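Remember, it's a predicted structure, so these values are computed and weren't measured experimentally.
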Amino acid sequence: MIRFFLKERISDLEFREGRRVTLDEVAKATGIHRTTLSKIANKKGYNCTTDNLDKLCDFFGCRIEDVAEYLPAEQRPDI
């Protein structure tokens with residue numbers, strides 16, 4: 001299972017810039033639909049495309065491991 005850190009990246013950006021960052025703002029800047037961003041942020045095991053991961057890394061100025069991580073079967077929470 002892939003675990004996403006979208007909420008954490010948004011929180012870090014809010015702290016750095018001292019302002020609220022919404023999913024709508026991220027959607028407009030990345031071209032990723034707001035509903036897709038919501039699923040990435042909230043749905044365990046969501047299937048995200050590599051194109052979207054690339055856009056998120058570009059937007060947040062981070063590496064892929066800052067946006068997502070692989071969880072082996074024994075570490076996966078019940079879905």
Side-chain angles (χ1 to χ4, degrees):
M1 169 198 283
I2 303 298
R3 175 181 173 199
F4 297 103
F5 300 113
L6 180 56
K7 289 180 182 179
E8 291 84 351
R9 296 296 67 79
I10 290 173
S11 180
D12 289 346
L13 183 59
E14 288 177 336
F15 181 78
R16 280 195 317 270
E17 295 189 358
R19 64 181 186 87
R20 182 163 167 75
V21 177
T22 66
L23 286 181
D24 286 330
E25 178 183 342
V26 178
K28 288 177 186 172
T30 61
I32 303 170
H33 197 277
R34 190 204 176 287
T35 303
T36 301
L37 290 171
S38 180
K39 289 177 182 177
I40 292 169
N42 298 305
K43 186 176 176 186
K44 291 180 183 175
Y46 182 73
N47 187 5
C48 179
T49 67
T50 55
D51 186 50
N52 285 345
L53 291 173
D54 183 57
K55 290 176 183 179
L56 290 171
C57 288
D58 186 48
F59 176 77
F60 290 110
C62 64
R63 298 170 47 127
I64 188 72
E65 56 267 21
D66 297 326
V67 175
E69 75 172 341
Y70 169 73
L71 291 176
E74 62 272 3
Q75 294 180 359
R76 296 176 189 173
D78 293 331
I79 296 178

Query raised in the report: Are side-chain heavy atoms of Lys7 and Ile10 found at a separation under 4.5 Å?
Result: no

Any chance you could measure [X], atom [atom1], to [Y], atom [atom2], to the nearest 0.5 Å?
X	Y	atom1	atom2	result
Thr30	Glu25	OG1	CD	10.5 Å
Ser38	Ile32	OG	CD1	12.5 Å
Cys48	Leu6	SG	CG	9.0 Å
Arg34	Lys28	CZ	NZ	11.0 Å
Asn52	His33	CG	NE2	12.0 Å
Met1	Glu69	CE	CD	11.0 Å

Nearest heavy-atom contact between Tyr46 and Phe4 is O-CE1, 3.3 Å

field: Where Leu37 and Ala27 come nearest, the two heavy atoms and their spacing
entry: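 Nearest heavy atoms, Leu37 then Ala27: CD1-N, 3.4 Å.
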
Counting only heavy atoms from other residues, nucleotides and ligands, does the tally under 6.0 Å from CZ of Arg19 exceed 12?
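Enclosed.
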
Practice prompt. For the pair Arg9 (side chain) and Val67 (backbone), establish whether a donor and an acceptor sit closer than 3.5 Å, ignoring hydrogens and angles.
Written response: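 Pair absent, no side-chain N/O of Arg9 close to backbone of Val67.
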
Within the side chain of Glu14, is there an N or O that forms a donor-acceptor pair under 3.5 Å with the backbone of Val21? yes

Please table the atom pairs, donor to acceptor, closer than 3.5 Å between any side-chain atom in residues 55-64 and protein atoms at least two apart or in another chain.
residue : atom : partner : partner atom : Å
Lys55   : NZ   : Asp51   : OD2          : 3.4
Arg63   : NE   : Glu65   : OE2          : 2.4
Arg63   : NH2  : Glu65   : OE2          : 2.6

